[in-house]
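The analysis underlying the following values was restricted to heavy atoms, covering all of them including side chains, and did not include hydrogens, waters or symmetry mates. Below, chain A is the first sequence line, B the second, and so on; all start at residue 1. Predicted model, so just to flag it, every value in this text is computed and none were measured.
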Amino acid sequence: MQHRAEKKGIKLARLSEFDPVKTFECGQCFRWNAGENGVYTGVAMGRAARVWVEKDSVYIDADEKDISEIWHDYFDLDRDYGSIVFNAGEYLDACVRYGSGIRILRQDRWEALCSFIISQCNNIPRIKRIIETLCSKFGEPISAFGETLFTFPSAERIAALKAEDLAPLRCGYRASYIIDAARAVSTGALNLDELAACDFDTAIKALKSLKGVGDKVANCVALFGLHNMSGFPIDIWMKRALEKYFPKNFDPKSLGPYAGLAQQYIFFYTRNGKEGKGNEKL
DNA sequence: GAACAGGCAACTC
DNA sequence: GAGTTGCCTGTT
């Protein structure tokens with residue numbers, strides 16, 4: 001409670017380098033929620049943190065050891081996003097200006113896989129609801145900031161369940177996909193750590209071997225879970241933008257090794273910028 | 001009450 | 001290999 005009132009956080013970065021609102025609201029993650037005063041509370045990697053903006057800086061309130069051992073890496077703070085440039089025309093330039101400050105989080109691999117399986121044919125409020133229910137029913141409770149939060153349940157925990165155990169999530173036909181994925185990960189049939197280190201096409205192919213994982217979800221998992229910047233998920237918003245502003249047979253690979261970051265700028269601008277008027281807040 | 005949503009799989013031709 | 005349809009559920 002007094003955390004919020006006093007806001008005694010540690011300075012994490014300059015706002016120009018890391019815009020937490022854009023980063024949390026650009027669709028890559030589902031467990032950071034804005035509270036009063038624009039303070040975001042999130043749980044990731046089994047830990048809780050609060051993040052907010054004051055003047056031109058970003059502050060974090062978290063266990064001090066966790067900041068250097070977990071959050072620094074989670075927020076990908078060693079990478080200089082400002083030095084990454086694209087030469088693909090004015091439209092992308094506008095997207096980059098608009099989305100400047102977005103960072104691609106280094107999320108837990110299993111959490112990203114599970115979350116993006118849930119995301120299919122679904123909207124963000126509902127995705128968040130399903131994930132929160134999943135965590136509160138099967139995750140571990142942790143207390144932080146005077147409340148009880150829940151970690152994301154391990155693949156092992158979910159692998160031990162049956163599809164009907166997930167009925168309270170009301171995630172429909174996705175339930176069996178989640179269980180299948182959890183079993184593949186927990187048995188080692190699908191090794192996400194190895195996929196994070198191997199080449200892009202191999203990773204996509206392996207991810208798509210899971211039931212319920214197609215092109216879109218595989219690319220989301222590659223980009224947001226494996227932190228493979230070649231990931232280039234094309235959903236309905238990206239499809240519209242590519243059709244309207246890019247050449248007919250545009251190949252994302254032409255954007256270079258950070259194509260996935262370009263994707264995120266384009267997506268964020270198309271969906272939330274002047275022509276976006278998305279159905280969610282922002 | 002039907003159509004649809006930030007997909008996928010199974011099936012058709 | 002391109003096109004169609006069912007799938008759970010919540011929202012419009």
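- Atom-to-atom, CZ of A:R174 to C1' of B:dG7 comes out at 8 Å; the value is rounded to the nearest Å.
- In this entry the distance linking CG of A:N122 with P of C:dC7 reads 17 Å, nearest Å.
- Within the 4.0 angstrom heavy-atom criterion, only backbone atoms of the sugar-phosphate kind lie near A:R129; the bases stay farther away.
- Counting any heavy atom pair closer than 4.0 Å across all strands shown, A:R126 reaches a base atom.
- Annotation: of the two residues near DNA chain B, A:K211 and A:Y173, the 5′-most nearest-nucleotide partner is A:Y173.
- Taking a pair to require two hydrogen-bonding distances under 3.5 Å in either a Watson-Crick or a G-U wobble arrangement, B:dG6 remains unpaired.
- Comment: A:D215 engages A:K208 in a salt bridge, judged by a side-chain N to carboxylate O separation of less than 4.0 angstrom.
- Within the 3.5 Å criterion, the main-chain N or O of A:F232 finds a donor-acceptor partner in the side chain of A:N219.
- C:dC8 makes up no base pair with any nucleotide shown, lacking Watson-Crick or G-U wobble contacts both under 3.5 Å.
- Ring planes of A:Y173 and A:Y177: perpendicular class, angle over 60° (limits at 30 and 60°).
- Between A:N123 atom CG and B:dA5 atom P the separation is 11 Å, expressed in whole Å.
- A residue-by-residue look at A:G212 and A:F267 shows that A:F267 has its nearest nucleotide of DNA chain B further toward the 5' end.
- Taking atom CZ of residue A:F116 and atom C1' of nucleotide B:dG7, one finds them 13 Å apart after rounding to whole Å.
- Nearest nucleotide to the A:Y177 side chain, out of C:dT9, B:dG6, B:dA9: B:dA9.
- The interatomic distance linking A:Q120 (CD) with B:dC4 (C1') rounds to 15 Å, in whole Å.
- Rounded to whole angstrom, the span from the CG atom of A:L207 across to the C1' atom of B:dA9 amounts to 17 Å.
- Taking atom C1' in both C:dA2 and B:dG6, the straight-line distance is 23 Å, to the nearest Å.
- With P as the reference atom, C:dC8 and B:dC11 are 15 Å apart, rounded to whole Å.
- In this structure, the CG atom of A:N272 is 13 Å from the P atom of B:dG6, given to the nearest Å.
- Put simply, CD1 on A:I130 is 10 Å from P on C:dT9, counting in whole angstrom units.
- Each of A:E25, A:R50, A:R31 was evaluated against A:Y40; a single residue qualifies, A:E25, per the side chain to side chain donor-acceptor pair (under 3.5 Å) test.
- Backbone-only engagement by A:L210 is indicated by non-hydrogen atom pairs under 4.0 Å involving sugar-phosphate atoms exclusively.
- The pair A:R183-A:D180 does not meet the salt-bridge criterion, since no charged nitrogen lies less than 4.0 angstrom from a carboxylate oxygen.
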